[in-house]
Undergrad: 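I have a structure I would like to understand better, so I am pasting it below and will then ask my questions one at a time.
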Amino acid sequence: MSQRFPELAKLYTQTVIQRGRKLLSQYFASHPELGINDPDATAQIFFGSLVSYVMVQEMLYGKEMMSLSRDRILDSLMSLVLVHTTK
């Protein structure tokens with residue numbers, strides 16, 4: 001899609017991906033009790049995991065081949081992020 005519609009791809013990246021990552025990074029940065037040393041990188045990993053999940057499940061037949069519930073993915077991601085608070 002990005003080769004055929006570069007402006008659309010850029011718009012999506014700016015309005016969805018960058019905005020979502022920025023908001024999540026700001027959230028992580030504003031909660032020092034989470035113990036996240038690099039909010040930007042953590043937000044990228046978190047957001048990237050969600051985007052990958054949606055792409056695999058919705059576009060690449062993941063629902064048929066390797067179904068994982070949205071809640072299971074979110075719970076696991078949160079566990080990974082929050083593991084810092086227990087140290």
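By convention here, the first residue in the shown sequence is residue 1.
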Undergrad: As an exercise, state the distance from CD1 of Ile17 to CG of Leu50, rounded to the nearest 0.5 Å.
TA: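 The CG atom of Leu50 is 11.5 Å from CD1 of Ile17, to the nearest 0.5 Å.
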Undergrad: Are Leu74 and Tyr53 connected in a single hydrophobic cluster, I mean Ile/Leu/Val/Met/Phe/Trp/Tyr linked by side-chain heavy atoms less than 4.5 Å apart?
TA: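 Tyr53 clusters together with Leu74.
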Undergrad: Which pair of non-hydrogen atoms, one from Ser49 and one from Ile45, has the smallest distance, and what is that distance?
TA: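 It is OG-O, 2.8 Å.
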Undergrad: Taking atom CG of Asp75 and atom OG of Ser69, what is their separation to the nearest 0.5 Å?
TA: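 The distance works out to 7.5 Å.
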Undergrad: Judged by atom type as modelled, is there a donor-acceptor pair below 3.5 Å linking the side chain of Ser30 to the main-chain atoms of Tyr27?
TA: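 It does hold such a pair.
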Undergrad: With a 4.5 Å limit on heavy-atom distance, are the side chains of Val51 and Phe47 in contact?
TA: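 A side-chain contact under 4.5 Å exists here.
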Undergrad: Do you know the tightest heavy-atom contact between Ser25 and Ala43?
TA: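 Scanning both residues, the minimum pair turns out to be N-CB, 3.5 Å.
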Undergrad: For Lys22, run the side chain to side chain contact (heavy atoms under 4.5 Å, CB included) check against Gln18, Arg19, Gln26 and tell me which one passes.
TA: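 That would be Gln26; it is the only one of Gln18, Arg19, Gln26 passing the side chain to side chain contact (heavy atoms under 4.5 Å, CB included) with Lys22.
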Undergrad: Under 4.5 Å between any side-chain heavy atoms of Phe46 and Met78, yes or no?
TA: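 The answer is yes, as the side chains (C-beta and beyond) meet within the 4.5 Å cut-off.
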Undergrad: Does some side-chain heavy atom of Leu34 sit less than 4.5 Å from a side-chain heavy atom of Thr42?
TA: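 In short, these two side chains do not touch, never coming nearer than 4.5 Å.
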Undergrad: Going from CD1 on Ile36 to NE2 on His31, what distance comes out if it is rounded to the nearest 0.5 angstrom?
TA: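 Separation between the atoms: 10.0 Å.
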